[in-house]
Amino acid sequence: MKLTAKSVSRVVLAATLIATTTGGVAFLATTSASAASTLGASAAQSGRYYGAAVAAGRLGDSTYVGLLNREFDMVTAENEMKMDATEPNQNQFSFANGDRIVNHALAQGKRVRGHTLAWHSQQPRWMQGMEGSALRSALVNHINRVASYYRGKIYAWDVVNEAFADGGSGGRRDSNLQRTGNDWIEVAFRTARAADPGAKLCYNDYNTDSWAAAKTQGVYRMVQDFKARGVPIDCVGLQSHFGTSIPGDYQTTIQRFAVLGVDVQITELDIAGSGAQQADSYRRVTQACVAVARCTGITVWGIRDTDSWRYPGDSPLLFDGSGNKKPAYNAVLDALNAAGPTNPTTTTTTTTSTTTTTQDPGPGGCTATASLNTWNGGFVANIKVTAGSSALNGWSVSVSLPSGTTVTNQWSANRSGTTGTVTFTNVDYNGSVAAGQSVEFGFQATGSATGLSPTCSAR
Ligand code: G2I
């Protein structure tokens, strides 16, 4: 090789660096030794996860399962935990397919994102025709039952999916759920918190990737409002189904949500295109996430291109149909490995206790039972109101709280008082309770309580 003046000076510079910075050489060696070789392990280096949407019907495919087990440390059920799958007939729940995915994930030491408790789409047929208070009660019941069933097994729930309108309004999407009242989303979140206080609760949507989009702004305002009023929300999911390009302000979006005090998760990533261009888009998404401490993980919406909901029109995933790594895979791995070890994780300790009152309701009366989920410094109480031998047309529940305990918010009930004896009354959609039937409401409080004995009376 003929050395020009320029190349000589480069060689000299390199030699000087190696000769004078032994620490630097050691650091470089450490960095390359710790570069992980799977998506999950490389994401874990900075406290993040890398997940995939999984279909129960593919769990018998050994190539698919091999990739899943090797590469990913978070799992989302692609369809099996949606409303139509988990409650095919009203009040008859079906968890077999969701369980196949959850059990596989947990047995492999992976975590699970629950998808999704409430959505205008993929509703079971019986729910599609419902409206008003009947639908609101059915929604609350669905969330209660599904989130309770999976309590303790879910890292984060997509509590509400895709509730905002496309286009320039920045407002809510019209749906049967929206028509039950604008508070349906916060009721959904409060119900989910009561049912599984250990799960992070997320709002998840698409076309909310660009900070400039009206839809993004609408979701941002909702999250800001929820944080201001104490509605329990922990995370925002950006689905991130992309064409070939990524919005230039994508990282701004992630950053702005994070500043509100919620985690951001990229929940359903897939990107059209191929080769170097697709790899570059995947790299940019990965870099945008790892640049923001509260962007805690990325999930791709499928494993091989042939598993994608977009196939055969697009081949938008990280593995080809034969399970080979694509250029996009290497781009993601490199970007994850380049991220520093940041992002502390938080842990919550939860205990559960139930207290039952023994009063005889008699005709026209009611009973109330409390189930408590407590942690250091606070608790959530879920109260079940049961009608006696005749129907209720309204109810009132009083709870005596120990001193030092203060109610911070409640859901599916009106409240008077915050300390001492606090009284809850029905809201418009859960005052009518047939003989022997039950409705539930809940509240959150600071302080501690070991057991509560609520008293119920008809109004
Ligand atoms: O549409 C892409 C995603 C947008 N965000 C929410 C996600 O839940 C959604 O996932 C897709 C699944 O990837 C599809 O697999 O949601 C679709 C609708 O729920 C899923 O499609 C359904 C078909 O509509 C059904 O006909 C089919 O039986 O997939 C089912 C199972 O293959």
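Read the numbers this way: they start at 1 and go in the same order the structure lists the ligands and their atoms. These numbers come from a predicted model, not from an experiment.
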Please tell me whether [X] and [Y] form a close aromatic pair, meaning their ring centres lie under 6.0 Å apart.
X    : Y    : result
F424 : F441 : yes
Y64  : F319 : no
Y155 : Y49  : yes

Heavy-atom cut-off of under 4.0 Å around ligand 1: list whichever protein residues fall inside it, by chain and number. E78, N79, K82, H115, W119, Q122, N161, E162, Q239, H241, E268, W301, W309

For N207 and H241, which I'm curious about, is there any donor-acceptor pair between the side chains at under 3.5 Å? no

Distance-only donor-acceptor check, side chains Y203 and D205, under 3.5 Å: yes

Heavy-atom donor-acceptor pair, R111 side chain to M74 backbone, under 3.5 Å: no

